[in-house]
Structures are given as structure tokens and as C-alpha cells.
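Notes for the one structure printed next.
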Protein chains: 2
Amino acid sequence: MDSDGAAPARTRAATLTSLAAELGVHVSTVSRALSDAPAGVSTATMEAVRRLAEERGYRSNLTARALRTGRTRVLGMLVPRLADPVLALLHEGVDERAIEAGYTTVVANTLDRADLREKRLDLMLQRRVDGAVVADSLLHSHIADQLEATGVPHVLALRCVPDRLCVGTDDLAGGRLVAEHLLALGHRRFGVVAGDTRASTGHERTVGFLAACEEAGVEVRPEAVVPCLFDVRSGAAATERVLEAVPDVTAIFAGSDNVALGVLGTLRDAGRSVPDDVALVGYNDLDLAAALPVPLTTVDSRILEVGQLATRMLLELLGGGSPEPARLAPRLVVRASTGAG
Amino acid sequence: MDSDGAAPARTRAATLTSLAAELGVHVSTVSRALSDAPAGVSTATMEAVRRLAEERGYRSNLTARALRTGRTRVLGMLVPRLADPVLALLHEGVDERAIEAGYTTVVANTLDRADLREKRLDLMLQRRVDGAVVADSLLHSHIADQLEATGVPHVLALRCVPDRLCVGTDDLAGGRLVAEHLLALGHRRFGVVAGDTRASTGHERTVGFLAACEEAGVEVRPEAVVPCLFDVRSGAAATERVLEAVPDVTAIFAGSDNVALGVLGTLRDAGRSVPDDVALVGYNDLDLAAALPVPLTTVDSRILEVGQLATRMLLELLGGGSPEPARLAPRLVVRASTGAG
DNA sequence: CTGAAAGCGCTTACAG
DNA sequence: CTGAAAGCGCTTACAG
């Protein structure tokens, strides 16, 4: 560390004005010469300006530019929790496309708490984000309305809300895929560790699953469907209740891969093996699903694509377009946890 | 979506100037009345100003404030990849403390690639971040020097570099803990799936492990130590080489829990069970370690605390202080994958 | 092709 | 306690 004593007096950063002064031209000339699409600037001055800018290590001040142009080129992103691998992946898709388009992404954890969400959203608005990707919607909350009221352009991602611009996976179809797979294998006694049914994801996956069961004439008792948070611990606890409700369960549908990990732990502690005693299906197809000692059958929910598409739609919105809501088709990925392989 | 036709002409956002005009006072008065520590403002005007601000939904423009004050109150964060749960956790610690202190965090993935790192860092500097937390350092790269050259205050986190302000875990000690644990269990034939040894984390964990083995008079052949990336797939591939080098291996040290997941997959495919045939130890103690069907012995590397501390140090730096580098003590967490329980 | 001016929204010494 | 002015660094019509 600074073992060489006091930091050297940091030289003031170069500005358009300082460059202009040094070159003896007007600041507006420098601005034009350095702009992405230089219009009406002689090649000679352009070269001179760019050379000096390079030499002085000039870096444009995006704060000043934002104030002047009224556009920050910053996109906000609201997520329940970025440390959840599903949201991390979504963020990756969003950020990738944002960067490509010259935008910076700012992400905030809201932990599905209204108070935090409000604070973080407020801060984003103070920072004047040009738009927002919102991935923490709950079905019966007012977040979508609040957002609408702020007037900031936004698109919901992953978790949808009726009648709102949203991009997600078709979770109803995903739930159906799981049920059809398990029914085809001959299973009839089901448990559902549903994940968070306040969110459209957990809700629709469960509804799709149950609908397919009903159509097949297979009853799933209400007590066999237990909601929980989308994390390992909560999934493990919910599984205990499922086992109480359906002691002779032969197949469990978990609302996410993380939840499935919790299910796995509880089954292990209960002395039941997968898939011999109980078949297990997760959701999302995270990396870990394939890596588990017993690879997990799951549904590829195309999170990365959802993130990319959400950004594309948001940018379209910012450009004055009217993007259509979208639901990507989920894909069943069969592995050993349902007896295959 | 906007089924109700064209968006309503969005009313221009309130500004200090618009509030001042409406109240018939000077803009500077409004600014003072709304400041966090209002100095020299009558209670009457303060109340009037705040009431109107509330009514008009005034939100201060942080972009303008930043330009004026020369401080953005934004902290940058450079990580290899946020979708890696270790970095996601680090970010959580950083962001938590940053928010508390009134700062916003901006994070960028550099994928351990020099070109991306340079681009993302440059963008951060154009955004005039007040400081940066750097978690993507490599031992023999020039990133630390480049950062120093930019003059932006920064602290390295997790991955350290000699003679630089850094906060991380004592990975030498962590590697030793693992070796001592396995030696005490009687193991003598080791494999190391080291993770990325270009980073201090992977490097020091391995060096600590080998040093403890050597002191115990136990030889670990060079071919038994295989570096890889800190992800599942790369860990799985490296394990194959370890098994070739030491066919009768009885214990494997993985440089991270994710790498351990890869090891697990390869052992499974090779028909070797954990812990009966091979004992396995990971590193980081992510949530998934405890949740695995065979719970994973690992080292708690206190990632969240590292992130919190890194921010604390950075803020201290910004305040003119001279924080000391820090290395948190790691803790061994013994579970079934090494035969316990 | 270049210059001069205005202004984005704020804060902060400086007067009074 | 309040007002008036300056200025952060930029961009963009408007002249010439």
C-alpha cells in the first residue's frame, strides 16, 4: 500500500475545456471532434483533438453528458436477490445486451419486501435511470401500479403480472411438461413443493402441473401442495409437510432447482432415495442440476434469453416502439432423478 | 399493456427551480430547505418547501448533484462473473454496506479477460465512480498497476496481490486446515483440483495444503495437482486428470464448492462413491454444500464479511483514512463427505 | 468548418 | 434567514 508516503497530488482530469484551451480552439469544436458521429469537423482538427485527448488520457464525463442530454444511459434492475443463481443469470442476460447498446446496468436487491423495494426504486429514480427491468413482481402487490405511476419505462421479467408488458417463460406449459412426464412414468401419488406462489412463476408452474394431473384423472390433494420461498432451506422445510400429507408419495415436483436441493436434503434425512423411492423434478436447469450425484430432471426456463429479451424490449420502448409481451417455451430436460439413464 | 392508447404527455419532473418558482422564493433557499442538514433556514419556509416537494413528487436529481459536487456517490465493482455464487455473495456484502452509506453500486463482469476488464473499467471511470472494489485480480497481471495509474481509490477483495490494499480470507491457512483434517483421518494419497491458480485464492489454498502435507512428510506428486477454472465443468474435467495421475487417490481437495461439484460428477461417472471410496473437501461453504445428498466438508471463507469489510475500507479511503489490509481467518466445516456424521 | 451562447439541475461561498 | 451569482462538464441549435 501507499508505503511511499502521501499520495501524489492527483492531476486534475482532462476536460473538453482543458483540451480546447491547450489547442486554442473552442470547446464546442472539441466536443464535435470527439463525438461518435463527428459532423462538420475538418479532418485536421479532428486528428489534432483526438491525439491530444489520447495523450492527456481524456475520458468523457458521462455525468455531465447525462445532465445535458437528459438521458443517463443507465438501466435499473430490480430483483428479489441477486445471490439467487436464477436472478444472477437473468442479470447476466440483461447486462450483456445493455452493454452492447451502450448502457450501464444498476441492480438492486429488494428481498421481496415492499419497504426495500420502494427505497431502492426511489434511489434509482433519483439517479434518473432511463428505464428498468423489473424481476421482483408479486401477483397481488401494487408494484406494477407503482411503477406505472412513476412514469419510468419498464418491462417485467420472469415474474409476470396480468395486463402488463412482460417477458417470461410459459410456466403453465412448464408445469404441464413435468406432470405429463411423471404421469407417463406411471406415477400417481404426487407432492408439490411449489416455491413462492405469490409470484407468477411459482403460481403458474403449480397450476399447470395440477391442471395436467386433473385432466389425466389423477387427484392431487391440497395438502400435498406446499408453497415455500425459492431457496434451499425453505424447500427442505416444506418437504417435511409434503411427506406428512402424502407418506406414500412417489414423485415430487419442486418449483425450482434450489428448492429441489432442499427436497433432496429432507428425503436424504428421511432415508428415501432418489429416484428409487421418490422421483424428483426441479425447474430452471441451473448448472448444478446436471452436476448432482443423481442428475436432476428439470425444466429449462431459458433465463439468460429472458434477460436478453427483456433488455431488447426495454430499449425498443425507449426508442418509442411498442414491444409485445413474450413467453418463451420451456423445455423438459430428463435426467436420472426420474429414473432415466 | 398500454391498451389505453398513447401514453399521457408525461408532466415534466419537478426541479428545485420549479418548486422555487411556485413558492416565490429563490432556488438556493429550496436547496437548503431540502438538504439533509438544513442550515440557516426558518422552520416556516422549511415546512412550506418540504410540503410542496412532497406534493409535487420532487425527487432530487443525483446526476446534477454529482456534477456540481464532484462526487457521484457511486462505487464500482469488478468481478470475474456475478453469476458465480461466490461473487454474488461478495456483491451482496458490498452493496449492503454501500447502500447504508448512501452509495449506489455498479458491478461489471470481466470474465477474467484483460480486454473486457479494460472496457468495463473505462466505462466506470467515464461514469466517475468515487471508488472501486476489485475482485477479479490475477497474480501476474497488471490490473493492480493499471488501477493505481487511473488514480481511482480502490481496494482489492477476495483475490489479493502482494503489496496492495486488499481484504480477503487467509487462504494459506484455509489450505492448511484442509490438509490437517485429511491427514488426521489417515489419508495419504491426495489429489488437488486446485481451481484458478492465477488468482491468489486458488494459488494460496493449494500452497497451504501442500505445505502442510510436506511438513507431515506426505508427498503430493505434481501431476496430482491440477488447476482449473472455478466452475463445475472445468472441475469435472480436471478431476479426470487427477484420477489418471493418482488412480488410488483416497482424498481430493477442491479449490471451491463449485469445483467440488464437478469433482463429484466425475467420481460418480467413475463409479467411486464419496466418502467411502474418496473423501472430498470443498471451499467457501456455499448453501449448496450443506444441502448435497452427501453434505460437503468445506472451508467457510466468510465471503459476505469480506464484501462488507471491503466497502468499509473503501469508504474509509474515500474519507481520507488509511485502512490496513486484512485477512479473515477461515473455518473448517466438517461434514459427511470426509466420513464424519 | 468553427465560435459563442445557453442551459441541463444542482450546491455553495458570498453578501446583505 | 434569504437572494444572487457562479460554475460543475457537457451538447446543441444558431450564426457567421
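Everything numeric here is computed off the predicted structure, so don't read it as measured data. Lettering follows sequence order; numbering is per chain, from 1.
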Using distance only, find each side-chain donor-acceptor pair of residues 316-323 of chain B under 3.5 Å and give its atom names and separation, not counting sequence neighbours.
none

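Between the P atom of D:dA5 and the NE2 atom of B:His26 lies a distance of 7 Å, rounded to the nearest Å. A straight line from CZ of A:Arg59 to P of D:dC10 spans 13 Å, rounded to a whole angstrom. If you measure from atom CE of B:Met46 to atom P of D:dT2, you get 12 Å, rounded to the nearest angstrom. One atom, CZ of A:Arg73, and another, P of C:dC8, lie 21 Å apart when rounded to the nearest Å. In this entry the distance linking CZ of B:Arg127 with C1' of D:dC8 reads 17 Å, nearest Å. At whole-Å resolution of the value, CG in A:Leu16 and C1' in D:dT12 are 13 Å apart. In this structure, A:Leu34 atom CG and D:dG9 atom P are separated by 16 Å, rounded to whole Å.
At the phosphate of D:dC8, neither OP1 nor OP2 sits under 4.0 Å from any side-chain N or O atom of A:Thr15. Side-chain nitrogen and oxygen atoms of A:Tyr58 include none within less than 4.0 Å of the OP1 or OP2 phosphate oxygen of D:dG9. Within the structure, every side-chain polar atom (N or O) of B:Thr45 is placed at least 4.0 Å from both OP1 and OP2 of D:dC1.
At a cut-off of 3.5 Å, with distance as the only test, a side-chain donor of A:Ser42 or A:Thr45 sits close to an acceptor on the other residue.
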Below 3.5 Å is the cut-off: list the nitrogen or oxygen pairs between protein and nucleotides 13-16 of chain C, distance only.
from: C:dA13; atom 1: N6; to: B:Arg32; atom 2: NH1; distance (Å): 3.3

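Shown here are the side-chain hydrogen bond (donor to acceptor under 3.5 Å, both in side chains) partners of B:Thr63, two or more places apart in sequence or in another chain: there are none. Residues passing the salt bridge (Lys or Arg N to Asp or Glu O under 4.0 Å) test with A:Arg128: none are found, sequence neighbours excluded.
Comment: B:Glu54 does not engage B:Arg51 in a salt bridge, judged by the lack of any side-chain N to carboxylate O separation of less than 4.0 angstrom. Residues A:Arg120 and B:Asp95 are paired through a salt bridge, judged by an N-O separation under 4.0 Å between the basic side chain and the carboxylate. The pair B:Asp122-B:Arg127 does not meet the salt-bridge criterion, since no charged nitrogen lies less than 4.0 angstrom from a carboxylate oxygen. Between A:Asp136 and A:Arg113, no side-chain nitrogen of the basic residue sits less than 4.0 Å from a carboxylate oxygen of the acidic one, so the salt-bridge criterion is not met.
Not a single donor-acceptor pair under 3.5 Å links the side chain of B:Ser141 to the backbone N or O of B:Ser137.
Map B:Ser42 and B:Arg128 each onto its nearest nucleotide of DNA chain D; the residue landing nearer the 5' end is B:Ser42. Take the nearest nucleotide of DNA chain C for A:Val41 and for B:Val27: the residue whose nucleotide is more 5' is A:Val41.
For A:Glu118, the CD atom sits in a loose shell: 12 or fewer heavy atoms of surrounding residues, nucleotides or ligands are nearer than 6.0 Å.
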- Item | Test log, rule side-chain hydrogen bond (donor to acceptor under 3.5 Å, both in side chains), inputs B:Arg50 and B:Tyr58 | CA-CA 9 Å; B:Arg50 297 200 167 207; B:Tyr58 172 75; over 6 Å; no
- Note on the structure: Parsed dot-bracket for DNA chain D after applying the Watson-Crick and G-U rules with both distances under 3.5 Å and | for other-strand partners is |||.||||||||.|||
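Within residues 61-70 of chain A, the residues having any heavy atom closer than 4.0 Å to DNA chain D are, in order of number, A:Asn61, A:Ala64, A:Arg65, A:Arg68, A:Thr69.
Residue B:Leu75 is tested with B:Val133, B:Val129, B:Leu314 for a side chain to side chain contact (heavy atoms under 4.5 Å, CB included); the sole match is B:Leu314.
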